*Asks:* 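Quick one: the structure is below, questions incoming.
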Amino acid sequence: MAKIIPTKTPMPEQDPAIRRRNSLEVPLGYTPEQAMQEARRCLQCKKPDCIPGCPVNIDIPGFLHLVAEGKFIEAAHLVKRANALPAVTGRVCPQEEQCEGRCVMAKKFESVGIGRLERFVADWEAAQGAVQIPPKAPPTGKRVAVVGSGPAGITVSAELALLGHDVKMFEALHEPGGVLVYGIPEFRLPKAIVAREIDYVCSLGVQLETDVVIGMTYTVDELLEEFDAIFLGTGAGLPWFLGIPGENLNGVYSANEYLTRANLMRAYDFPNYDTPPIRGNRVITVGGGNVAMDSARTALRLGAKQSIIVYRRSRAEMPARLEEIHHAEQEGVEFQLLTNPVAIHATTSAVSEGSAAPAAGTGNWVREIECIRMELGEPDASGRRRPVPVKNSNFRIPADVVVISIGQSPNPLIPQTTPELKVAKGGVITVDAETGKTSKRGVFAGGDVATGGATVILAMGAGKKAAVAIHAYLETGEW
Amino acid sequence: METHECKTTTAGHPAGVEILEQRMLVPNVNVLTVRAPAIARKIQPGQFIILRADERAERMPLTVSDWDREAGTVSCVFMQVGTSTQKLGVLEPGDRLPTFVGPLGHPLEMANFGTVVLTSGCYGIGALYPAARRLRELGNHVIGMVEARSNFLLYWVEKYRSVCNEVIISTFDGSKPGKKGEGPVHLSDLLATGRKIDRIIGVGCTFMMYETARSTRNSGVKTIVSLNPIMIDGTGMCGACRVVVGGETKFACVDGPDFDAHQIDWELLLSRRKPYMEAEAVSIENW
Ligand SMILES: Cc1cc2nc3c(=O)[nH]c(=O)nc-3n(C[C@H](O)[C@H](O)[C@H](O)COP(=O)(O)OP(=O)(O)OC[C@H]3O[C@@H](n4cnc5c(N)ncnc54)[C@H](O)[C@@H]3O)c2cc1C
Ligand SMILES: Cc1cc2nc3c(=O)[nH]c(=O)nc-3n(C[C@H](O)[C@H](O)[C@H](O)COP(=O)(O)OP(=O)(O)OC[C@H]3O[C@@H](n4cnc5c(N)ncnc54)[C@H](O)[C@@H]3O)c2cc1C
Ligand code: SF4
Ligand code: SF4
Ligand code: FES
């Protein structure tokens, strides 16, 4: 290999001062020259550590080699053998913990920009109109219902369609894509990319029925009368709240509502679209994950003068992707770390001394959020140091809008109407990790519904495994 | 919205749900009938659907107020109050709704309770009609109380007479055949007679339901109302519809929409309806 280049080829990005007010994508993507230059940084390891770091085991050095030679389409096709949604994962994977985190280059220098290159080849393939439809197996006559059109459902549908099965995907909302359309904002994952992927799945012959809530419109048992197998990829969409006083005041939202209005309902284009956006001068987002970053950055784009993240642990424990934290900071999002909300107030008052504050919850609109300082104690079950409150450290932050972004669990509608389906703590559907089999014959599940809120690539990985198991079940009839 | 070649919408209907009938019942109140067989097959009294009038419209919840399981049709009675309901009001038979999803929410509890009073106003008259029909079938003595500002705003009275044992009409202005005054007032009067009433169900605007709850609070009669907070998805995903019942936060779309009227935090509920008033004014001007 030639001389080692220690740092990643920089990614052209929209200027923070401009992008914080628009909904266009932030990173602009590599040019072909930049892509080839970056791909040449790969050492083409004999025993590449990056591959096991990727949950779907993409042949990373293989595709990087093709990029380095300018064979972008071939590279895209190689990636797609392992990963049906590279344009998505290249943008949203937590690469620093996965492929790039394991790259040998990362030991001494910066890792190879695997995610950026994955995105590049996928976008290149689409721009050239060179999207390849792999050969489909002859029809098997078997029918599969896929519930939910997020990354897990999309993956299962595509894999099974290629194996010759007749697949129908059901989606509760009016647009397919799951969190990719209702949650992750346009500036991070343009809707057109998700639509492109859905079109691809449709081009494989998968049928899609939107506006159908399984458990309500049809039950799982009714689906089983018509379909030979079912895959549940319904995600983890039920938002948690803190359970603190004042949380039901006007101006307090779940991140799901906040982001759904902006993304799915296009509230950012109000009044051209009818759903009103949630605007405020001072927006406080509670939480430290990707969802919180997306909310805080969306607030800026909706015109907030100040967008503050309140998180109870320190920066090192924040579960969000590094890139998102970095982008949020560049755009002017402020961070109140080691801070935990204890009440939301509708009244304005001087900073409270301890609990001598006026009663929370009077009046209609949120005006302040009362927080307490935290310090890090002993590590907890997750291995992260547990935050503990500092006595008498209460203080207040003025707020017009508060967005609660502390996590989600699976929606109970399907388990409630499917008694044989076993559910574990936190509402997750119990599955066999290798096959996705649930406790009910013919019913498989995977993605966030089986793990709780996780990542796009893990949901896709679960979808792939389930597709293999569903295929075997359809072929043999053995459960 | 991006369209996908293979897309079929709402229970197998390509390109949306077809409107079969759109009729004004009384000024500002319409009945809309659509073809939605999967929903018609399943719907129970008290359940609702969510629709979008067009691709840019809000998702709007409406209670289903009648259906024909065999013909595969469902009807909703709606009041034209703002952009979404007015957009819906101008659509005609043959037009298609891009979204019409349901049934959503829990059905109203239906049993032979004994004597049941159904009290309703505005869209609630339509919304409660299926409950009246079913309760009568189950052997209840059904008293239907309908209220309107004036007699020309009354609708479906004959439909009510056909399924209720008694119908009590009230008009705010006293125009005949109504008794003068609001429904909840007459409900208080009815309770004051000492007549045995086993259950009261109220559907209408939030304020009317609040008044119903007040007038029955001391009677000890179980009173159920159907809440109508702002909703987006209707499947438990956004939390916009949260209400406090018995001190606990509930999502009206999946835990309700019907709740014990005496357990509801009314002050909170009334205040949570207001946040978008300014925006709604902008929206309607723009439309
Ligand atoms: C704001 C936000 C930002 C995120 N950022 C990242 C990121 O940067 N990187 C990353 O890797 N991950 C991220 N995640 C997590 C990631 O999006 C999820 O882990 C992933 O989408 C899970 O995929 P899924 O297919 O299991 O479910 P989902 O994407 O949740 O899709 C489930 C679908 O099922 C539908 N559904 C639910 N119930 C029913 C029913 N009863 N009938 C019919 N349909 C139903 C839902 O409407 C939904 O469309 C983020 C999540 C959020 C909310
Ligand atoms: C579960 C459920 C079932 C419902 N069933 C029906 C139904 O069967 N028929 C029906 O007509 N409506 C029903 N609603 C209410 C209906 O969804 C709203 O009226 C509608 O969304 C208003 O939209 P809009 O854009 O036309 O009005 P907006 O522009 O949102 O509102 C205009 C003005 O009217 C006020 N307003 C809105 N809705 C109501 C209301 N219900 N009562 C009093 N004031 C109101 C608003 O505060 C605002 O000031 C139901 C609501 C829920 C949650
Ligand atoms: S799918 Fe994700 S983890 Fe795998 S190579 Fe691509 S960016 Fe890395
Ligand atoms: S570990 Fe890094 S350098 Fe080695 S093959 Fe993978 S990407 Fe290339
Ligand atoms: S409407 Fe979204 S949770 Fe009820």
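A quick note: this is a predicted structure, and the numbers were derived from the prediction, not measured. Note on naming: letters A, B, ... go to the chains in the order of the sequence lines (proteins, then strands), and numbering restarts at 1 for each one.
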*Asks:* For B:Arg59, is it the side chain, the backbone, both or neither that has a heavy atom under 4.5 Å from a heavy atom of chain A?
*Replies:* both
*Asks:* Does NZ or CZ of B:Arg133 lie under 6.0 Å from the centre of the six-membered ring of B:Trp67, at an angle within 45° of the ring axis?
*Replies:* yes
*Asks:* Would you mind telling me which of B:Ile232, B:Ile50, B:Leu104 has the largest number of heavy-atom pairs within less than 4.5 Å of chain A?
*Replies:* B:Ile232
*Asks:* Between A:Asp269, A:Val252, A:Leu259, who has the most heavy-atom pairs with chain B when the cutoff is under 4.5 Å?
*Replies:* A:Val252
*Asks:* For B:Val244, which atoms come within 4.5 Å of any heavy atom of chain A: side chain, backbone, both, or neither?
*Replies:* side chain
*Asks:* Hey, mind stepping through B:Val225 and B:Tyr210 against side-chain contact (heavy atoms from CB on, under 4.5 Å) and telling me if it holds?
*Replies:* CA-CA 9 Å; B:Val225 293; B:Tyr210 164 69; over 6 Å; no
*Asks:* Measuring from A:Glu225:CD to A:Glu222:CD, what's the distance to the nearest 0.5 Å?
*Replies:* 6.5 Å
*Asks:* What distance separates A:Glu171 CD from A:Thr234 OG1, expressed to the nearest 0.5 Å?
*Replies:* 10.0 Å
*Asks:* So which part of A:Met265 gets closer than 4.5 Å to some heavy atom of chain B, the side chain, the backbone, both or neither?
*Replies:* side chain
*Asks:* With a 4.5 angstrom heavy-atom cut-off, which part of A:Phe241 approaches chain B: side chain, backbone, both or neither?
*Replies:* side chain
*Asks:* Counting only heavy atoms closer than 4.5 Å, note whether A:Thr219 contacts chain B via side chain, backbone, both or neither.
*Replies:* both
*Asks:* Do A:Asn256 and A:Ser254 have side-chain N/O donor and acceptor atoms under 3.5 Å apart?
*Replies:* no
*Asks:* Side chain, backbone, both or neither: which part of A:Asn248 has a heavy atom under 4.5 Å from chain B?
*Replies:* both
*Asks:* If you measure from CD on A:Glu186 to CD on A:Glu25, what distance do you get to the nearest 0.5 Å?
*Replies:* 8.5 Å
*Asks:* Could you look at B:Ile43 and say if it's the side chain, the backbone, both or neither that has a heavy atom under 4.5 Å from chain A?
*Replies:* neither
*Asks:* Using non-hydrogen atoms only, which part of A:Leu173 is less than 4.5 Å away from chain B: side chain, backbone, both, or neither?
*Replies:* both
*Asks:* Please determine, among A:Ile404, A:Leu264, A:Thr275, the option with the most heavy-atom pairs under 4.5 Å with chain B.
*Replies:* A:Thr275
*Asks:* Atom CZ of B:Phe100 and atom CZ of B:Arg35: how far apart are they, to the nearest 0.5 Å?
*Replies:* 12.5 Å
*Asks:* Going from CG on B:Asn228 to SG on B:Cys241, what distance comes out if it is rounded to the nearest 0.5 angstrom?
*Replies:* 11.5 Å
*Asks:* Under 4.5 Å heavy-atom distance to chain B, tell me which part of A:Tyr182 shows up: side chain, backbone, both or neither.
*Replies:* side chain
*Asks:* Tell me, out of B:Gly234, B:Ala240, B:Gly105, who's got the most heavy-atom pairs with chain A below 4.5 Å.
*Replies:* B:Ala240
*Asks:* Return the option, out of B:Lys42, B:Arg242, B:Arg41, with the maximum number of heavy-atom pairs under 4.5 Å with chain A.
*Replies:* B:Arg242
*Asks:* Could you please spell out the steps behind the side-chain contact (heavy atoms from CB on, under 4.5 Å) verdict for B:Val17 and B:Ile39?
*Replies:* CA-CA 11 Å; B:Val17 159; B:Ile39 298 174; over 6 Å; no
